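What's counted below: heavy atoms across the whole structure, side chains too, no hydrogens, waters or symmetry copies. Keep in mind that this is a model prediction, so the values were computed, not measured. Reminder, nothing fancy here: chain letters follow the sequence lines and each chain counts from 1.
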Amino acid sequence: MKKFTALMLAMLMVMSLLAGCGSSKPAADASTIKIGMSGPLTGGAAVYGKAVEAGMKIAVEEINAKGGLKIEFQSQDDEHDGEKALNAYNNLKDWGMQFFAGAVTTAPCLSIAPTAVEDNIFMMTPSGSSDKIPMTGNNIFQMCFTDPNQGASAAELVAELNMAQNIGIIFDNSDDYSKGLMNGFKTKAAELGLNIVCETNFTADNKTDLSTQVTQCKDAGCDFVFLPFYATEASQVLTQAAKIGYEPTFFGCDGMDGVLTIEGFDKSLAEGLVLMTPFNPDAPETQDFVSKYQAMMNGETPNQFAADGYDVIYAIYDACVAAGVDGTTAPSDACEMLKTYFATNEFSGLTGSGMTWDEQGMISKIPAAVVIENGKYVALG
Amino acid sequence: MKKLLNNKNTRSNLVIYLVVTVFFLVMQGMNMGGMLTSSWKGFLVPICVYISLAVSLNLLVGICGELSLGHAGFMGIGAFAGIVVAALLQDAVALEPLRLFIAMIVGGVLAGAAGFLIGIPVLRLRGDYLAIVTLAFGEILKNIVGNLYVGLDAEGVHVSATSAKFTLLEGGKMILDGPVGATGIKKLATFPMGFVLVLITLFVVLNLVNSKEGRAIKAVRDNRIAAESVGINVTAFRMKAFVVSAFLAGMAGALFGLNYSSMAASKFNFNTSINILVFVVLGGMGNILGSVISATVLYVLPEALRSLEDYRMILYAVVLILVMLFTWSPRVKEFVSVVTDKISGIFKKKEVETNG
């Protein structure tokens, strides 16, 4: 029994030590607002988390250099996992976060959003694009398009520019993003009378070889293939198509952004690829951001994720300045003030101008597409 | 009563129950008093889940001596069964804790049934082969639950393995959406229920270990041939351990699934299985209290290290290696026993003084 008492005492001491960690909240400073972000900074999806984080850091540095209202920024790793994401969010709350500028990927967003609604903390995700995210509550905002909306505008673009006779679709059946885009595209395509002749899919477990799907599209005689998924998988489709001498128009969405920076991928295969992206790193008005990003990330060209992150920080900052939110405003009050602000005001940034949000927090902005020519993005149409 | 307390097994069991009860009371008290940070509030239920998973796996790995790498598969079955049951009973059972408990039982039973079916072919194997086959079955279970489409509408429940013809009536609700998993889950899990789960797990495992069956299971682990020669049905006892372990993992999984608002099947992959195995190995094979403590500490550790940002996972790995090295070194063991003897010596002296 003595041994047990000793053990208990030791355990209690360890527990109290652990419980003491991070519970010290520093006093709020009126001149500094606190923005927290979570994203996959390690693991398979780290490329997106790192890009958003860097974009946000650039915005924070610019704002803090300006003077006036300052921003304190903290990013936490969620490993693209719902469970870890909630832990990251709770950790940021303990830090005293007023606004949550995350999460980067959809699954963590869906895990955090109901808690953010409960806490009434203003949340604006730079790149979590499922329509389920803003539908969770009216304090959840998006900087990117929702998937079905983007899919629909892709179909509109295809019809407008008369790009396709026979359409093939390859999608990732295990991915919300991919399925959302596909459904939006299909519904709109049917409305516009576009001809879909082949529809095939893969899942996360068998995405290392996509030759079957590419061959299916070729055999069905598609002259246009819609690829609603990320750049890594797309690079495989392009490589495979080149191998069997298949040259339709490939059309991707914003997840395709970054296809030119994939290691071990022959960039010449991406020539002629069309993709929808709100951000063009080769446009003159984005050059300042691009050079800052390259200085921070060893010469890497920023993608749309970085630009979305940059815009989220500016959107929150602009709203705070206009609505008179400062570092002492309680997160819940700040949330109400920002909601009222975004209901009537518009925002212009790197990923578009005149963006507005509806009462659900869904964004509306003009879709833009680019085509890859000589390894550069060129605006389409 | 005194006789009972003198029994070494009963005494060490009581210690385990006391440790978890004190931990629960302290945490619950701090939670009620608003002294817990948001992070800690978020840890409470997962800690209970992982304790339960580690203890149930310890039954298989430590007590039965069979290395299983598919524990997360059973957890996944339990999680998705629990989510579906809780969603279906949304209107039928208004009382939330009761609904949660029913979901946990159903999750446990289904996982146990899956454990039985898998056990038939798997338990013909031993050692490394068993480890590899359980790994494969864990992945199969993950893929099965990851390809189920379950929806509820005015016509009733719809279940399908393909999304092709799966349509719901207007106002219908998708419960499981294939590989995307479940979204918009109503969170039912609470810390007291987590504590109940841990108690159930401990009660089942400790009683099994100290029963006639438990001794037979240990005999099979220590010497299969000798056990067979005295008339122990080896396969039946291994099966018993396997099914009980799967059942408990299923219950834990159901609680886990109902603690988050979205859940995808990919969560229950090989990595999660290994994670649980790490809890067991670090806590000590066959050491139930060890599993309880290591699951708690190792779950909290990477989260408590968040302030180190990029270095936290490196530090976590370093801690694992150090713990492994130190707890198994004979010198450290000797040192620990000297220290604990000294501390208990102080108490003993005091007792003698007060008695005298």
| field | Which portion of A/Glu199 sits near chain B, non-hydrogen atoms under 4.5 angstrom | value | neither
| request: Begin with the C-alpha distance, continue with both residues' side-chain angles, and end with the deciding distance and a verdict on side-chain contact (heavy atoms from CB on, under 4.5 Å) for A/Asn87 and B/Arg306. | output: CA-CA 10 Å; A/Asn87 287 341; B/Arg306 273 194 184 274; 4.2 Å; yes
| task | Below 4.5 Å from any heavy atom of chain A, which atoms of B/Met313 appear? Answer side chain, backbone, both or neither. | result | side chain
| remark: Pair count under 4.5 Å, heavy atoms only, with chain B: among A/Thr203, A/Leu86, A/Asp77, highest is A/Asp77
| field | Main-chain N/O of B/Ser39 paired to A/Asn91 side chain as donor or acceptor, under 3.5 Å | value | no
| request: Examine whether an atom of A/Lys84 lies under 4.5 Å from a heavy atom of chain B, and if so say whether it belongs to the side chain, the backbone or both; otherwise answer neither. | output: both
| B/Lys186 versus chain A, heavy atoms under 4.5 Å apart: side chain, backbone, both or neither? | neither
| Checking heavy atoms, do the side chain of B/Lys41, its backbone, both or neither come under 4.5 Å from chain A? | neither
| More than 12 heavy atoms of other groups within 6.0 Å of A/Lys132 NZ | yes
| Relative to chain B, which of A/Met135, A/Gln74, A/Lys179 shows the most heavy atom pairs under 4.5 Å? | A/Lys179
| note | In this structure, CG of B/Asn147 is separated from CG of A/Asn173 (nearest 0.5 Å) by 7.5 Å
| Between B/Ser262 and A/Ser111, which heavy-atom pair has the shortest distance, and what is it? | OG-N, 3.6 Å
| What distance separates B/Trp40 CH2 from A/Asp94 CG, expressed to the nearest 0.5 Å? | 11.5 Å
| field | Nearest-0.5 Å distance, OG of residue B/Ser261 to CD of residue A/Glu118 | value | 9.0 Å
| query | Near B/Tyr17 OH, under 6.0 Å, is it more than 12 heavy atoms from other residues, nucleotides or ligands? | reply | yes
| task | Measure A/Asp81 against the heavy atoms of chain B and call it side chain, backbone, both or neither at under 4.5 Å. | result | side chain
| Side chain, backbone, both or neither: which part of B/Asp177 has a heavy atom under 4.5 Å from chain A? | both
| task | Name the region of A/Ala113, side chain, backbone, both or neither, that has any atom closer than 4.5 Å to a heavy atom of chain B. | result | neither
| query | Among A/Leu110, A/Leu92, A/Asp119, A/Thr42, which residue forms the greatest number of heavy-atom pairs with chain B at distances under 4.5 Å? | reply | A/Leu110
